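On a predicted model such as this, the values are computed, not experimentally measured, just so you know. In what follows, chains carry the letters A, B, and so on, assigned in the order in which the sequence lines appear, proteins first and then strands, with residues in each chain numbered from 1.
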Amino acid sequence: MIKKNFICKIIEEDIKKKNKKIKTRFPPEPNGYLHIGHAKSIYINFNIAKKYHGECNLRFDDTNPQKEKKIYIKKIIQDIKWLGYKLTNNNIKYASNYFTLYYKYAKQLIKKKLAYIDHLSLQKIKKYRGTFNLKGINSPFRNRSIKQNLFYFKQMKKGVYNEGDICLRLKINMKSNNLTLRDPIIYRIKKHQHYKTKKQWCIYPTYDFAHCIADAIEKITHSICTLEFQNNRPLYEWILKNINIDHIPQQYEFARLNITYTLTSKRKINILIKNNVVSGWDDPRLLTISGMRQRGFTPSVIYNFCKLIGVSKQESIIDINILEECLRKELNISSYRLMAVLNPLKVKIINLKKYIYKYVPNHPHDIKKGKRKIILTNEIYIDKKDFQENYKNNFHGLILNKKIKLRYLGVLKCLNIKKKYNKIIYITCKYYKFEKKYKTLNIIHWVSKKHSIKSKFIILNQLFLKKKPNETHDILTIINKKSLIIKKGYVEKFQKIRIFQFEREGYFKLNKNHQDLTFNRIISLKKNLNKTKQKHAKKKI
RNA sequence: UGGGGUAUAGCCAAGUGGUAAGGCAUCGGGUUUUGAUCCCGACAUCCCAGGUUCAAAUCCUGGUACCCCUGCCA
């Protein structure tokens with residue numbers, strides 16, 4: 001259930017007063033893929049509706065034919081469904097379905113002398129609008145007769161004018177302190193073909209005109225949007241007050257979601273795609289819904305994240321850590337454990353004539369996940385990172401002439417290093433059965449050569465080097481070149497499951513797009529360098 | 001003296017006149033054959049200055065900082 005926030009409070013008040021059924025909507029423009037920021041809005045709108053036994057529409061805000069594409073409709077629906085929200089023919093709506101109604105209301109406003117056709121050029125409109133400190137000037141076309149306005153509006157609709165020639169404006173107040181009220185444009189000519197209505201129209205309503213009317217038509221009670229629309233609210237209310245419509249929704253605004261080290265702007269993601277920094281909208285390094293799905297996020301992780309961060313009007317930037325912790329929290333519970341070596345170093349065990357095996361749990365706390373057989377043979381792989389010739393830098397792996405625990409099975413002592421051209425080819429070790437005196441030794445993971453499978457591992461890291469990539473103009477200069485690293489190693493034989501925790505490495509997901517066996521790292525394990533833990537790590541035998 | 005918003009810990013965020021929830025991060029400690037998990041503990045007088053009150057993060061006055069607004073984008 002959604003946590004109570006300031007919007008919930010408003011709704012509770014409204015329900016008390018009006019005893020009305022509430023209705024919300026999520027209104028994306030189909031001009032790109034959905035991202036984590038949309039997920040927050042979806043979470044708010046759908047869950048508020050659920051909490052107060054109301055309804056929530058998905059409405060495509062498709063009033064600008066230049067930017068919108070059919071493909072995005074499909075992707076958006078797919079993503080919302082994947083997030084776990086119900087979409088049916090009854091709650092999927094299109095602003096473009098209301099084009100005739102918008103047109104009707106526009107004519108109504110003309111007849112009320114509240115709208116006029118302006119022949120001013122774009123430049124002049126801009127100039128006449130004034131600035132924060134400079135009042136606007138009325139257009140010379142402002143006081144034309146209703147008849148003339150109606151005539152030109154019809155001509156405009158017929159297509160006798162070109163883009164930018166004329167437009168329909170509301171007659172509000174050119175001296176308003178709120179720039180959005182200085183005779184806003186509500187209809188413009190666009191000759192670009194609309195992805196849905198095709199060539200039926202060449203005039204299109206602007207966001208300000210279409211949105212409030214669509215809300216009213218759908219009988220939305222609470223129209224929830226982001227903070228930057230606060231200035232538009234008086235216009236939203238003005239339009240609904242001045243057309244003949246019986247339902248009046250209320251607009252409320254919340255702060256957009258920002259996350260450290262990430263970017264969600266569609267424009268900037270496009271730059272990344274065009275420059276081949278990422279493979280596409282669903283690249284697992286992006287926080288698009290499809291990217292996150294690829295990566296190994298689940299709908300519940302995203303839900304829990306949205307729940308955790310709350311809803312307020314305070315502009316904020318959420319630490320990426322919180323998202324990652326939500327991910328780990330769930331994966332820790334659900335993932336089967338396995339061992340995989342990403343940077344293999346061969347180890348020859350001199351005193352192991354036969355193999356040794358043991359049945360070990362697939363999950364440390366969840367017995368139901370069962371056990372698997374692991375086999376130690378005289379040739380195994382350990383990770384290069386877990387071996388050093390001499391001790392330095394708080395190292396906690398295997399060192400020449402020292403011992404280390406092998407995860408689950410016994411103890412190893414390094415006797416020799418076999419080198420060629422100063423490069424380590426393999427090391428030789430002696431095996432010891434586990435005894436209590438070895439309890440405090442550090443531990444490493446391993447796979448045996450004979451009983452493991454060759455695999456690729458794709459390590460995904462954050463895309464940007466800066467905490468607030470938004471503040472950098474040229475984002476291409478702050479790309480983390482190590483955001484995708486491919487490693488070749490070995491993994492234990494495994495059952496048909498897609499997500500695993502490779503012990504001491506992180507959570508990985510089987511990547512079905514590759515021909516060779518490939519795992520993507522969803523997220524690393526947390527690294528906690530606590531002093532208590534360091535104490536334990538000091539003893540070396 | 002343009003207008004509209006927002007200020008509570010490093011990051012989020014509850015609290016709406018009765019003595020500062022919770023999460024993440026950080027720092028201590030404990031359990032553990034994953035430096036994981038789990039468990040325990042520490043961590044703010046609420047942007048500033050005045051005022052009202054027995055009592056103020058909450059009310060009043062005056063400041064300060066940051067965000068949004070000059071698309072025929074949404």
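Nearer the 5' end of RNA chain B, as judged by each residue's closest nucleotide, is the contact made by A:S312, out of A:S312 and A:P27. Of the two residues contacting RNA chain B, namely A:R233 and A:K9, the nearest-nucleotide position lying further toward the 5' end is that of A:R233.
Annotation: B:A20 and B:U8 have their C1' atoms spaced 8 Å apart (nearest Å). Atom P of B:U19 sits at a distance of 39 Å from the matching atom of B:G3, rounded to the whole Å. Taking atom C1' in both B:A7 and B:A14, the straight-line distance is 16 Å, to the nearest Å. Nucleotides B:A57 and B:A49 are separated by 16 Å at their C1' atoms, to the nearest Å. Rounded to whole Å, the separation between the P atoms of B:C48 and B:C11 comes to 15 Å. Atom C1' of B:C54 sits at a distance of 23 Å from the matching atom of B:U61, rounded to the whole Å. Here the separation of B:C43 from B:G23, taken at their P atoms, is 14 Å to the nearest Å. As rounded to the nearest Å, B:G18 and B:U53 have C1' atoms that lie 12 Å from one another.
Using a 4.0 Å heavy-atom criterion, one finds that A:G410 contacts the bases of the nucleic acid, with or without backbone contacts as well. Nucleic acid contact for A:I523: none, since no nucleic acid atom lies under 4.0 Å from a heavy atom of the residue. Using a 4.0 Å heavy-atom distance criterion, A:R169 is classed as making no nucleic acid contact. Using a 4.0 Å heavy-atom criterion, one finds that A:Y187 contacts no nucleic acid atom at all. Across all strands, A:G310 comes closer than 4.0 Å to no nucleic acid atom at all (heavy-atom distances). Across all strands, A:V311 comes closer than 4.0 Å only to sugar-phosphate atoms, never to a base (heavy-atom distances). Residue contacts for A:L168: at a heavy-atom cut-off of 4.0 Å it reaches no nucleic acid atom on any strand shown. As judged by a 4.0 angstrom heavy-atom cut-off over every strand, A:K439 is placed among residues touching the sugar-phosphate backbone only.
Remark: B:G2 base-pairs with B:C69. Criterion, Watson-Crick or G-U wobble with two distances under 3.5 Å. B:G17: no Watson-Crick or G-U partner with both key distances under 3.5 Å is found in any strand. Across all strands shown, B:G28 pairs with B:C40; the Watson-Crick or G-U wobble distances both stay below 3.5 Å.
Counting distance only, with no hydrogens placed and no angle test, the side-chain atoms of A:Q501 and the base atoms of B:U34 include a donor-acceptor pair under 3.5 Å. Taking 3.5 Å as the limit, the base of B:U34 and the side chain of A:H445 contain no donor-acceptor pair of atoms between them.
The CD atom of A:E68 sits 10 Å away from the C1' atom of B:C73 (whole-angstrom rounding). Atom OH of A:Y252 is separated from atom C1' of B:G5 by 16 Å (rounded to the nearest Å). When the P atom of B:C72 is taken as reference, atom NZ of A:K127 falls 16 Å away, rounded to whole Å. At whole-Å resolution of the value, NZ in A:K313 and P in B:U16 are 19 Å apart. Nucleotide B:C72 holds its P atom 13 Å from the CG atom of A:L170, rounded to whole Å. Nucleotide B:A36 holds its P atom 17 Å from the CD1 atom of A:I444, rounded to whole Å. Atom CG in A:N442 sits about 12 Å away from atom P in B:A36, given to the nearest Å. One can place CG of A:N232 at 13 Å from P of B:G5, the figure rounded to the nearest angstrom.
Contact annotation: A:Q314 reaches the phosphate of B:U8 (side-chain N/O to OP1 or OP2, under 4.0 Å). Taking side-chain N and O atoms only, A:T63 has a distance below 4.0 Å to OP1 or OP2 of B:A74. For the OP1/OP2 pair of B:A74 and a distance below 4.0 Å, the side-chain nitrogens and oxygens of A:R256 include no atom meeting the criterion. Here A:K190 reaches the OP1 or OP2 of B:C73: one of its side-chain N or O atoms lies under 4.0 Å away.
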Can you give me the N/O atom pairs linking the protein to nucleotides 21-26 of chain B at distances under 3.5 Å, or say none if there are none?
none

Polar atoms only, N or O, under 3.5 Å: list the protein pairs with nucleotides 64-70 of chain B and their distances.
residue: B:C67; atom: O2'; partner: A:E315; partner atom: OE1; Å: 3.4
residue: B:C67; atom: O2'; partner: A:E315; partner atom: OE2; Å: 2.4
residue: B:C68; atom: O2; partner: A:N231; partner atom: ND2; Å: 3.4
residue: B:C69; atom: O4'; partner: A:N231; partner atom: ND2; Å: 3.1

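Judged by the 6.0 Å and 45° rule, A:K371 forms no cation-pi pair with A:Y359. A cation-pi arrangement, defined by a distance under 6.0 Å to the six-membered ring centre and an angle within 45 degrees of its axis, is present between A:K157 and A:W201.
Centroid-to-centroid, the aromatic rings of A:F60 and A:Y94 come within less than 6.0 Å. Taking the centre of each ring, A:F229 and A:Y207 come in below the 6.0 Å mark. Aromatic ring centres of A:F502 and A:F519 lie closer together than 6.0 Å. Aromatic rings from A:F494 and A:Y336 are positioned such that their centres are separated by 6.0 Å or more. Checked against the 6.0 Å centroid threshold, A:Y303 and A:Y43 count as a close aromatic pair. Remark: aromatic rings of A:Y103 and A:F153 are close, center separation under 6.0 Å. You'll find the ring centres of A:H445 and A:Y408 outside the 6.0 Å limit.
In B:G17 the base sits anti relative to the sugar, since the glycosidic angle is further than 90° from 0.
The pair A:R372-A:E492 meets the salt-bridge criterion, with a side-chain N (NZ, NE, NH1 or NH2) lying under 4.0 Å from an Asp/Glu carboxylate O. By the 4.0 Å N-to-carboxylate-O rule, A:E503 lies close enough to A:R407 to be salt-bridged with it. Under the 4.0 Å criterion applied to side-chain N and carboxylate O atoms, A:R59 and A:E218 are assigned as salt-bridge partners.
Closest to the A:I309 side chain, of the nucleotides B:C72, B:U33, B:C12, is B:C12.
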Could you tabulate the donor-acceptor pairs under 3.5 Å formed by side-chain atoms of residues 304-317 of chain A, not counting sequence neighbours?
residue: A:N304; atom: ND2; partner: A:S300; partner atom: O; Å: 3.1
residue: A:K307; atom: NZ; partner: A:M1; partner atom: O; Å: 3.3
residue: A:S312; atom: OG; partner: A:Q314; partner atom: N; Å: 3.1

